[in-house]
Amino acid sequence: MARVTLGHGSGGELTRRLIHDVFLKHLPDPELGRLGDAAVLPREGLPGGGSLAFTTDSYVITPLEFPGGDIGHLAVCGTVNDLAAAGAQPLWLTAGWILEEGLPLDLLERQVASLAATAEAAGVRVVAGDTKVVPHGLADGLYINTAGLGWVPPGRLLRRESVQPGDAILVSGTLGDHGMAVMLARQGMRLQTNLVSDAAPLNELVERLFAAGVPVHWLRDATRGGLGGVLCELAETRPYGVRVEATALPVRPEVEAAAELLGLDPLFVANEGKMVAVVPGDQAEAALTAWRAHPHGTQAAQVGVITEERPGQVLLRTAYGGARVLRLPAGELLPRIC
Amino acid sequence: MSGASSYRNPPVVAGLLDRVRRLAVGRAPLRFMEFCGGHTHAIAEYGLRSLLPDNVRLSSGPGCPVCVTASGEVDAAIALAARPGVTVATFGDMMRVPGTAGSLSDARASGADVRVVYSPRDALEIARACPAAEVVFLGVGFETTAPVVAAAVLEAEASGVSNFSVLSLHKLTPPAMRAVLDAGEVRLDGIIGPGHVSAVLGSEAWGFLPRDYRLGCAVAGFEPTDVVSAVVALVEMVAGEEPAVVNAYGRAVTAAGNRVALQMLEQVFAPADREWRGLGFVPNSGLQLRPEYADWDAGLRFDIRPYSAPEPPGCRCGEVLRGVIEPRQCPLFGRACSPASPVGPCMVSSEGACAAHYSEAEEQ
């Protein structure tokens with residue numbers, strides 16, 4: 001089996017071949033193909049007014065390929081969704097690749113192809129890139145960093161300060177699918193499930209909200225830390241509180257069962273294809289209708305409201321009328337003994 | 001979340017709560033202890049505490065296996081992990097339990113090989129895969145967990161895996177229950193008996209509660225209907241004449257318990273005196289490997305014995321575990337001690353009373 005060697009990172013002929021035969025083969029953007037030191041992008045490509053949004057994220061995941069996705073797919077979804085959550089339309093991406101010596105070349109090529117396909121699906125160009133090879137044992141197969149630049153049309157002001165009591169909290173679909181799918185794939189739990197990661201680019205989904213004329217107050221993609229993490233962040237140090245209804249949370253039965261088995265709370269399990277939106281209460285139905293018409297938003301639901309009570313806190317009302325306060329998990333999610 | 005299962009049926013829970021209210025009306029304050037950390041977690045998870053009438057209170061007992069692991073036991077585990085060539089495998093929630101100088105998580109960050117596993121068999125698999133490593137499984141937990149550890153030891157014996165051993169810190173629940181009651185510090189009106197422990201031991205194991213202490217015991221499962229049904233049974237017993245053991249978890253628990261699991265326990269382990277955080281040394285309250293299985297005893301193999309170590313200054317986990325104070329009565333609660341920076345173990349595990357109370361909404 002052909003593998004990545006330190007020679008692939010030497011800058012010599014092996015590097016040149018790697019770039020042409022693996023990367024450029026799947027990433028056809030002419031600006032990338034120019035192989036310049038920097039992508040030079042014409043300003044005419046940019047719409048007038050508005051603002052630019054610029055973000056970066058590094059992708060580290062075990063296993064590299066998991067049910068419903070892989071690291072190449074994730075590296076586009078994550079960065080595109082960060083831009084989308086800022087109200088931006090993603091335009092350009094860069095991709096930096098850290099390869100561990102010994103990585104099978106066909107696995108690498110699958111990731112490049114996956115990244116390229118997801119970028120195309122999201123309508124974003126990959127215009128610059130870099131590869132480095134590190135000696136065996138100094139990385140875990142493959143790390144990818146992507147940076148993204150997007151355009152925020154005028155009038156989109158998404159800030160926690162815009163959020164006010166009476167606002168509705170919406171989530172675009174079921175919770176915890178990505179985290180549970182990866183965790184089960186990783187732990188070799190030999191647990192039979194059909195769970196797949198929800199990793200998906202959500203920029204179109206976000207555009208649907210604006211196209212429907214919903215005056216969105218705040219958006220966040222609920223990745224690490226899950227919906228619970230997003231809500232804790234939303235409420236922290238703010239003059240309002242968050243109230244969530246346990247019965248309204250969309251969770252697949254298999255996610256609920258697997259999470260329970262491991263002693264985890266789906267509210268805090270990661271997603272890679274779920275957007276959280278805070279919109280005025282009277283716009284909730286319009287927003288949900290817009291989302292549900294999109295394939296990534298069919299299970300969209302209102303899960304809670306912004307309240308005047310308990311400023312700074314997130315209160316979960318249980319199905320039984322009791323309540324508990326949601327707080328950020330202290331560290332990594334660790335399963336309980338019994 | 002669906003809440004669709006019949007044990008999570010809100011109208012059924014509401015009906016049971018209503019029954020508690022009607023039975024308790026006009027009574028002097030009643031106080032029940034949920035022995036088991038799983039119940040503490042469920043009560044917080046479903047927000048049940050605030051739904052009970054004011055004169056029915058639930059206190060947590062010493063039934064969170066992580067919480068009752070003494071500082072010196074954590075130190076022993078860390079000392080093992082520091083040995084060159086030793087891999088320590090543990091259940092996840094032991095990782096952050098503080099010893100006198102840091103936790104296993106700290107030890108791992110400093111270079112020790114500590115792995116989180118889901119079952120002792122996973123540790124056995126690591127031992128098979130890495131014959132050059134000495135793999136030690138931390139045997140933490142009650143009668144629920146110990147049979148699985150016994151099974152792993154038997155499997156190691158049968159398949160000749162010699163680089164696997166167990167540091168047995170296992171503890172037994174009935175002696176701890178007695179220790180809490182014998183201390184005479186708390187006045188209780190009944191006990192919610194542990195569900196999973198009783199699935200192994202059998203509900204008869206709690207017969208000493210009505211016999212020796214005149215206390216009713218309702219063995220309960222972990223769903224909302226299970227917990228509230230147990231409270232109903234306990235209030236009914238207070239209202240009636242004779243305390244007894246009621247099995248309110250019939251779908252998992254029998255009177256005599258799980259014979260296979262008990263036999264395995266008996267074969268591999270023998271009772272031993274054990275130190276509990278909060279209770280001190282309790283005679284015959286722990287399990288050690290029998291001499292026949294000394295080859296798999298990490299304590300003997302590495303000459304490591306937990307010693308008695310002081311608890312963190314100011315930490316009142318001990319009193320919380322004995323039901324003497326409520327978590328919020330500890331001066332450190334929510335200030336110096338929180339789940340992000342726990343001083344004592346009751347704030348670490350989600351089954352710990354302090355962590356559970358921390359997640360419960362204070363009345364406003």
Side-chain angles (χ1 to χ4, degrees), chain A residues 174-176 183-184 186-191 228 241 243-257 259-268 301 303 307 309-311 313-338, chain B residues 1-5 8-10 13-14 17 36-38 41 43-52 64-66 91-96 105 116-118 122 125 140-142 144-145 194-197 224-225 228 338-342 347-351 355-356 358-362 364:
Chain A
T174 52
L175 303 174
M183 217 175 290
L184 294 181
R186 175 162 50 209
Q187 308 290 0
M189 296 275 297
R190 301 176 289 272
L191 206 66
R243 193 175 72 226
V244 190
E245 301 295 330
T247 49
L249 297 172
V251 179
R252 289 181 201 281
E254 54 268 48
V255 168
E256 196 172 351
E260 188 160 334
L261 207 63
L262 297 177
L264 304 175
D265 186 342
L267 259 173
F268 290 99
V303 294
T307 61
E309 295 88 58
R310 296 183 181 269
Q313 283 195 347
V314 182
L315 196 74
L316 177 86
R317 281 210 335 138
T318 71
Y320 314 97
R324 64 186 160 104
V325 179
L326 292 186
R327 299 179 202 268
L328 285 179
E332 54 180 326
L333 299 181
L334 296 170
R336 287 184 290 134
I337 286 184
C338 73
Chain B
M1 279 176 258
S2 67
S5 113
R8 295 187 184 176
N9 188 320
V13 174
L17 284 165
C36 173
H41 178 78
I43 289 161
E45 165 97 3
Y46 302 115
L48 298 178
R49 198 182 309 277
S50 61
L51 301 175
L52 291 169
C64 157
V66 165
F91 291 125
D93 46 4
M94 277 302 292
M95 287 297 289
R96 298 180 59 246
S105 181
V116 171
V117 294
Y118 291 81
D122 295 346
E125 286 307 317
V140 173
F142 299 132
T144 334
T145 333
H196 295 147
V197 162
T225 51
V228 185
S338 68
S341 57
M347 196 55 104
V348 175
S349 168
S350 61
E351 296 194 351
Y358 194 75
S359 77
E360 286 179 37
E362 267 182 288
Q364 283 200 337

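In what follows, every chain begins at residue 1, and chains take the letters A, B, ... in the order their sequences are listed. Only a predicted model underlies this, so the values are computations on that prediction, with no experimental measurement involved.
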**OP:** Compare every heavy atom of Thr318(A) with every heavy atom of Tyr46(B), then report the nearest pair and how far apart it is.
**Re:** O-OG1, 2.9 Å
**OP:** Heavy atoms only: give me the nearest Ser50(B)-Ala323(A) pair and the separation to one decimal.
**Re:** OG-N, 4.4 Å
Subject >> Distance, nearest 0.5 Å, that separates CG of Leu328(A) from OG of Ser338(B) >> reply: 11.0 Å
Original post:
With distance as the sole test, does Arg8(B) use its side chain to make a donor-acceptor pair with the main-chain N or O of Ala319(A) at under 3.5 Å?
Top reply: no
Subject >> Whether Arg324(A) side chain and Gly47(B) backbone form a donor-acceptor pair below 3.5 Å >> reply: no
Subject >> Region of Tyr358(B) in contact with chain A, defined by heavy-atom distances below 4.5 Å >> reply: both
Subject >> chain A contact via Ala14(B) - which portion, at a heavy-atom distance below 4.5 Å >> reply: neither
Subject >> Residues in side-chain contact (heavy atoms from CB on, under 4.5 Å) contact with Leu17(B), at least two apart in sequence or another chain >> reply: Val13(B), Arg21(B), Leu51(B), Leu52(B), Val228(B)
